[in-house]
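Here the structure comes first, spelled out in structure tokens, and everything after it is commentary.
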Amino acid sequence: MIKSKYIYKLRHGDSVYFLSGLSDKFFKTSAENTQKVEALLDSMEEHKELFPTFYDKMKRFNFLVDSTKEEEELLSAKYDASLEPHLFRIMVLPTYQCNLRCWYCTQEHEDYFMGEEIVARIKKLVDRVMEMPEITNVTLSWFGGEPLLCYDTVVDLCSYVKNACEESGKIFFSDMTTNGTLLDKERIAELTSLGIKTFQITIDGAKAVHDTVKRLPSESAFEKVMENIEAIAGTDASCMVRFNYTHKNLNPEAITNDLKSYLSEEARKKCSFMIYKVWQEDASLVKQEDVDNLFFKASDSGMYTRFATMGKCYADFQNFCCIYPNGKVSKCDNDNPKNLTSQLNEDGTITWSDQITKVPVIRPGDGSVCSSCRFFPVCWAPCFGHRQKPGYANECRFDEPYVEEILLNYCRSTEKASI
């Protein structure tokens, strides 16, 4: 047995996490014991009879491998699984318009609305998916713009895909990213009955701050959203509350106090809380202790709290397409529909243009900088949207401290699942 090269040592205060990139499993030890653990991993064969339980776990979770060849096979197997070959995921953007104007949004909110013709083409695509024996699961994701501006389209397509899956014996799941202001109890009841089981709703700070970013004409956007999150918690669906932070809105005490004031304990226990830095924000302006404090306070309130993690974007899934209001298709949900050249056809087929087919694909053992990197099994290379840009070079766009911070946040978010 040899030690895998895909082991990451991540220090946080007086603790150190050892994470396997091949299994995504980790364990924690004290900083003072770190050298002993490293020495033991380096000479595990010699000490396996003294530490049989530890040895078995290190083998089972791929901290130890039989050989370099086995390590390469494990890497390839993880890569193949990450492509989700048995899943067909369709992301629908029924409009590019939105009822709000958040300052950090990347979209231009043109008046694109999906018409009946494009809806009919999506149904034809779904009919084709139902005939694919290798597909066992179908996910219908809603994005925008604000998808609830096209409520009837959401209901129509959810109903169609759900019924088609039931008739074909495939597992159906649907999720929605929404600002939450156009929901109400009746809509939540109808949407969850049609298979939407996860809602992602963003907040931008405590109530006073959130309502300066998301403005409604005659009521508090924060109160409206909290009311709807409470209603979602009363169904069999779940809600991921995403907090977009900057150094200006990062007030842990005020944020968690408002969450506890507006959400019942039962609702908080059914919600996850994801802490996510606004992409325009300079990380150097953010106090890490404020981020840590928010993490612990949100966790103490009963919410499952986590950070953004690395991994393969759904754009790189084997069977994924993002359908825009005008019938154009891409692999990335952050494209401008005016610039797209791939098309959903009348018969439900997709014509992928060079804009998509010539984007580099990074695979294990292909000789690229990414596939040779020790972080490859936890990163899988830059996202599709980045690789799609003109002049993309075969080079890493992350520095090691950034990657290690993301991995550390993963361990902290899932500490109860450590081995």
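Side-chain atoms are counted along with the backbone in the values below, which use heavy atoms only and exclude waters and symmetry mates. Values in this document were obtained by computation on a predicted structure and should not be read as measured data.
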Could you work out, with salt bridge (charged side-chain N to carboxylate O under 4.0 Å, His left out) as the rule, every residue matching [X], not counting sequence neighbours?
X      : answer
Lys328 : none
Asp335 : none
Lys358 : Asp354
Asp24  : Lys78

Got a sec, which residues hit side chain to side chain donor-acceptor pair (under 3.5 Å) with [X], two or more places apart in sequence or on another chain?
X      : result
His247 : Glu281
Ser30  : Asn33
Thr341 : Ser353, Gln355

| query | Is there any ring pair (Phe, Tyr, Trp, His ring centres under 6.0 Å) pair reaching into residues 284-307, and which pairs are they, with sequence neighbours excluded? | reply |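 Counting only pairs at least two positions apart or across chains, the ring pair (Phe, Tyr, Trp, His ring centres under 6.0 Å) contacts touching residues 284-307 are Phe295-Phe307.
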| remark: In short, ring pair (Phe, Tyr, Trp, His ring centres under 6.0 Å) pairs touching residues 156-185 with sequence neighbours left out are none
| query | With Tyr402, which residues qualify under ring pair (Phe, Tyr, Trp, His ring centres under 6.0 Å), at least two apart? | reply |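 Checked Tyr402 against ring pair (Phe, Tyr, Trp, His ring centres under 6.0 Å); matches are Phe398.
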| query | Sequence neighbours excluded, which residues qualify as side chain to side chain contact (heavy atoms under 4.5 Å, CB included) partners of Leu344? | reply |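 Expected list: Arg121, Ile122, Leu125, Ile323, Val329, Ile350.
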| Which pairs pass side-chain hydrogen bond (donor to acceptor under 3.5 Å, both in side chains) with one or both residues in residues 267-279, sequence neighbours excluded? |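 Matches after skipping sequence neighbours: Glu265-Lys269.
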